[in-house]
Trainee: 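First the structure, which I've put down as structure tokens, then a few questions once you've had a look.
Being a predicted model, the structure only gives us computed values, none of them experimental. Reminder, nothing fancy here: chain letters follow the sequence lines and each chain counts from 1.
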Amino acid sequence: MSMNTQGRPTGIGIAPAGASTPAGAFASTSGSSLLPNEPLLFEIGDTEHSGVDLPDASIGDEFLGGFKRTTPLDLAGLTEPEALRHYVRLSRLNYSIDSGMYPLGSCTMKHNPRLNEKTARLPGFADIHPLQPVSTVPGALELMNELAHWLMTLTNTSAVALTPKAGAHGEMCGMMTIRAAQAARGQGRRNVVLVPDSAHGTNPATAAFLGYSVRSVPANAQGTVDVAAVKAALGPDVAAIMLTNPNTCGLFEPQIIEIAAAVHEAGAFFYCDGANFNAIMGVVRPGDLGIDAMHINLHKTFSTPHGGGGPGAGPVVLSEALAPFAPVPFVRKGDGPLALVEHSSDTHLGRITAFNGQMGMYVRALTYMLSHGGDGLAQAAKDAVLNANYVKARLTPTFSAPFGEGPCMHEALFDDHFLEGTGVSTLDFAKALIDEGFHPMTMYFPLVVHGAMLIEPTESEPRQTLDHFCDVMLDLAADARAGNAGRFTGAPTRAARRRLDETRAARSPKLKWERAESLPRAAE
Amino acid sequence: MTTKYTEDHEYIRVDGAHGIVGITNYAQDQLGDIVFVELPSIGQKLKKGDEAAVVESVKAASEIYSPASGTVTEVNMALAAEPGLINTSPDADGWIFKLKLDRAAELDALMDDAAYAKHTA
Amino acid sequence: MRYLPHSDAERADMLAVIGATSAEALFASVPRSAMLSKSVDLPAHSPEFLVEAHMRALANKNHAAADGPFFVGAGAYRHHVPATVDHLIQRSEWLTAYTPYQPEVAQGTLQMLFEFQTQVAHLTGMEVANASMYDGSTATAEAVLMARRLTRKDKMVLSGGLHPHYRDVVRTYLDNSPNLICQPASPEGQGDILSHIDDDTAAIVIQTPDFFGHLRDLERAAEAIHARGGLLIVVVTEIVSLGLLEAPGALGADIVVCEGQSIGNALNFGGPYVGLMATKKEFIRQMPGRLCGETVDAEGTRGFVLTLSTREQHIRREKATSNICTNSGLCALAFSIHMGLLGEAGLTRLARLNHARAVALAKALRAVPGVELLNKTFFNEMTIRLNSLAAPVVEVLARNGILAGVPVSRLIPDDPAAANLMVLAATELTTDADIAALVSGLTGALK
């Protein structure tokens, strides 16, 4: 048993104050004041305590039709000081971009400016209702229109569907517009979508979700897609290709213009996954490459915070051919004031979400764009590419880059060749990074590379941090090859937890706190 | 009783017109700890190569293809509670389903012990 | 540029280490014709105070809910969010953390999600809940798809009390399937969904309180659909109602989806919000979205991980239950903190207070000449029929600084029966003065 600095029990043997479970319901090792073992909300709170003062209104049953609740809510409550401490202590168990670099390939974990948070909280944006009269929210329509202008200018496209809630939702929206456009052309029978093997998992999932069958397109030895391979896979049954550019190997698809031409010639559409737009914003306009639709992850490229897994936003830019099929609602610019089109007439898709999309994210993204300006966004893309190439240069040849000699874009891809015979896996290696103060890199993705390690430093990292990261990586590699496997297979040892038993979690899922099951599993 | 193997690491242990299907020790080792098995339904008719079951580890899900055509006569319900049987005993307690074969001759195209050993070498 | 750490000298040094002649050389694989020769036609970078001024000017053009009497609901509700909530969610470790795929360095987020799942399960009276969806409407569409997978049936019946936008989202997700039966809107709580149930019905979808504010009988619906081998999907757009009304799980629901915005989250013109989804344990393998589960670490210490991820797109790819990836983590956190501050005692009081304010509103509205209250039952929202078109009345009141309810014609434009209807909500923030202002405004407008 140990006590933390606040005198709250953190170890075994003592029940937390107000707990409804017996002693020993949590944690078999004690925490420290910096890495606390925090009990569950349901173990420290109870159904009587509350951190909100509200009058107890007297009500009758007149309008409740006999539907009054009889099942206990069983919701734990905390007073305000207890709540603050609970969530502050929990927060300290998290790594975050403000505390260190995330070398997470394909995730674009960049700096989140606080001005974005400030503007998003202006009452004129945060405290407006999606169904209050449109005449009372002209500033909101202007903001959406301005964001749309920036996105269309950066991509050289004709329209943008703002409402998708995240990247995968954007993919769904983009592919739905393609399906609608084909139905309008009388090409509704096209039921195949081409997806390269290196694609992000959402691509085939989206295609299948919409009833398409997925045809894989192999990558070539350079990690990119050949126009010949695409041509071989194209046919009258193909509705679209879904291609990520820059691709998940961190490479710009060199034949993308030819691929777009071949796809169009076959009567199909070109969907581009814009997850990696950060590498080229302000430098290359996807519309110039021939893409028809591309979602943009505002939470990656335009720095709306990741929030521990969302909310995101995934607006989709659309070519002229697809623009008439965008979902409602959208802002229409005419001669008079901006209008909010809320009902689908003629060709437009219906709603893909109840309201106007992620307004809070629009505000943050536009704030970020205005701060950077067109010039700053291009510089950010160039710095992101510079940083990735710097990491690649410093880590090669110790780390083996499967797609060799040329420069990469915004992320550097390595395989696990350098770990051969060491008894250390990519996973072990990544977990060892935690003990050195870094978040692990993206592992085992893309699938086309054995033991892949994908590193995306983003433009936010100063050279000093990159050097420190590379020094750590090289030191770890040397240690692995010197036979010190223990440093890796046991890692991490300096985090809030040692490696967690995922098999146990999946074999007998325990997905919520249960009052009855009060004994620690560790003591079984 | 003979055992035959597919290139996808399913085995079928054949006794007359009946076969017992599972995945090989090599396959379970590659997959890691199995956490869930989706079983076929009894009476389901399968053609050789049809997806018959799914085994899931923490990080991967793999389809199990039927090594032969036939009708499912029995499924291993023990796997619902204890999917780890596939790891601890892939060729005995960890079997997945039993099949009444349509054509025993279909099995000739599959690998025998020696060929499979070579395949996984 | 304040967000970019490199000086030009550092950039040059780094290029030298790389062995590249220029920054442009790193873009060698980009077809020359695709490289922009000059910068995009957009304004240049701008100092913080100018950007803030620009955004403030846009924001100031909007009438915020707190600027005057406010009765807009219909799927998004204005409630008080304690200051603690917004302070906490802006902590770096919550705001700027990635999805908790590396559990050793994400126990904060994971434990919070485990607590969130528990809260949602208890509120809805269900066995399990996931770690959030985008919002209530997309969660409803995902529930419909989930029910089709579970039952292997196709037909889906949506109640006429379902929020029209939710109905539209389901329609879009199902690509206007002919097997999707949408009952006509039922502003008086009418409509018999049970007569549509047959052996081919995968599920019926019932919202309660419904779009028009009526409380719906779930128990009878559950019996009817279960008798034919289908599922009951219950939609709740005002989560505060569950502090006063029976849990859908206790009434036979198989899947419960909710909009969680009311707790912890601002109106935000429609997003980001947080979708809740709960179901029975036997159905979890067909439930979309992330799930957090309890386990132990190598030393036996309790910890949490994302689990059952083989259902998800990054592993199952085209066989995934859904393509959802990013969800509403930070909104779920705000929900969980606010709910943790309320607790059972606080949520119960909040729900009672909401109902009390709505009763006061209903009684006041009933006394206005030219207004007919359509509800016999409600929680905090109700529908009135005016003796004239509702939309112009709402506009007139808005010009006088009163944001009255939502004219139903805005959501159901082509139905003459809906043209005079207005849906209004009251919450704990609705004062007697607000109600008096509304009554006076309505009385004037309806003369």
Trainee: Quick check: does any side chain N or O of A:Q132 sit under 3.5 Å from a backbone N or O of C:A64, one acting as donor and the other as acceptor?
Mentor: no

Trainee: Under the ring-ring contact (aromatic ring centres under 6.0 Å, His included) test, which residues partner C:F378, sequence neighbours left out?
Mentor: A:F63, C:H355

Trainee: Less than 4.5 Å to any heavy atom of chain A: does that hold for the side chain of C:L123, its backbone, both, or neither?
Mentor: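 Backbone plus side chain of C:L123, per the 4.5 Å heavy-atom cut-off to chain A.
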
Trainee: Say whether, by atom type as modelled, one donor and one acceptor occur between the side chain of A:R497 and the main chain of C:P103 under 3.5 angstrom.
Mentor: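 Answer holds: no.
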
Trainee: Between A:H129 and C:F269, does the ring centre distance come in under 6.0 Å?
Mentor: no

Trainee: Between A:R498 and C:E104, is there a salt bridge with N-O shorter than 4.0 Å?
Mentor: no

Trainee: Between A:A378 and chain C, with a heavy-atom cut-off of 4.5 Å, which part of the residue counts as in contact: side chain, backbone, both or neither?
Mentor: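 No part of A:A378 comes within 4.5 Å of chain C.
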
Trainee: Measure across A:L41 and C:E115 and return the closest heavy-atom pair with its distance rounded to 0.1 Å.
Mentor: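 That closest heavy-atom pairing would be N-OE2, 2.8 Å.
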
Trainee: Pick from A:G309, A:G124, A:G51: which one has the most heavy-atom pairs with chain C under 4.5 Å?
Mentor: A:G309

Trainee: Ignoring hydrogens and geometry, is there a side-chain-to-backbone donor-acceptor pair from C:Q107 to A:L93 under 3.5 Å?
Mentor: no

Trainee: Between A:R504 and C:T295, which heavy-atom pair has the shortest distance, and what is it?
Mentor: CD-OG1, 3.3 Å

Trainee: Are the charged groups of C:E246 and A:K68 less than 4.0 angstrom apart, N to O?
Mentor: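 Judged by the 4.0 Å cut-off on N to carboxylate O distance, C:E246 and A:K68 do not form a salt bridge.
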
Trainee: Would you call the rings of A:H306 and C:Y98 parallel, tilted or perpendicular, where under 30° means parallel and over 60° means perpendicular?
Mentor: tilted

Trainee: Are any side-chain N or O atoms of C:T118 and backbone N or O atoms of A:K512, one a donor and one an acceptor, separated by less than 3.5 Å?
Mentor: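 Checking the backbone N and O of A:K512 against the side chain of C:T118, no donor-acceptor pair under 3.5 Å is found.
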
Trainee: Does any donor atom in the side chain of C:H45 or A:D375 lie under 3.5 Å from an acceptor atom in the other side chain?
Mentor: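 Indeed, the side chains of C:H45 and A:D375 share at least one donor-acceptor pair under 3.5 Å.
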
Trainee: Is it the side chain or the backbone of A:I352 that comes within 4.5 Å of chain C heavy atoms, both, or neither?
Mentor: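 Interface part for A:I352: both.
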
Trainee: So, C:R91 and A:S91: side-chain donor and acceptor under 3.5 Å apart, yes or no?
Mentor: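 A pair is found: one side chain offers a donor N or O, the other an acceptor, under 3.5 Å apart.
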
Trainee: Would you please indicate yes or no on a ring centroid separation below 6.0 angstrom for C:H122 and A:F42?
Mentor: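 Yes, close enough.
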
Trainee: For C:S92, is there any backbone N or O sitting under 3.5 Å from a side-chain donor or acceptor partner on A:D98?
Mentor: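 Answer holds: no.
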
Trainee: Is it the backbone or the side chain of C:T84 that comes under 4.5 Å from a heavy atom of chain A, or both, or neither?
Mentor: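 For C:T84, side-chain heavy atoms alone lie under 4.5 Å from chain A.
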
Trainee: Please flag which part of C:L26 lies under 4.5 Å from any non-hydrogen atom of chain A: side chain, backbone, both or neither.
Mentor: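 When you check distances to chain A, atoms from both the backbone and side chain of C:L26 fall under 4.5 Å.
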
Trainee: Between C:D175 and chain A, which part of the residue has a heavy atom less than 4.5 Å away: side chain, backbone, both or neither?
Mentor: both

Trainee: Are side-chain N/O atoms of C:E395 and A:S135 paired as donor and acceptor at under 3.5 Å?
Mentor: yes

Trainee: Is any side-chain N of the basic residue among A:R499 and C:D297 closer than 4.0 Å to the acidic one's carboxylate O?
Mentor: no

Trainee: Sequence neighbours left out, what passes side chain to side chain donor-acceptor pair (under 3.5 Å) with C:Y173? Give chain and number order.
Mentor: A:H169

Trainee: What part of A:Y390 lies closer than 4.5 angstrom to a heavy atom of chain C: side chain, backbone, both or neither?
Mentor: both

Trainee: Using non-hydrogen atoms only, which part of A:A57 is less than 4.5 Å away from chain C: side chain, backbone, both, or neither?
Mentor: both

Trainee: Is A:L122 in contact with chain C via its backbone, its side chain, both, or neither, using a 4.5 Å heavy-atom distance?
Mentor: side chain

Trainee: A:T119 versus chain C, heavy atoms under 4.5 Å apart: side chain, backbone, both or neither?
Mentor: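 It is the side chain, since no backbone atom gets that close.
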
Trainee: Around atom NE2 of A:H111, are there more than 12 heavy atoms from other residues, nucleotides or ligands closer than 6.0 Å?
Mentor: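 Correct, the count exceeds 12.
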
Trainee: Quick one: what part of C:T208 sits under 4.5 Å from any heavy atom of chain A, side chain, backbone, both or neither?
Mentor: neither

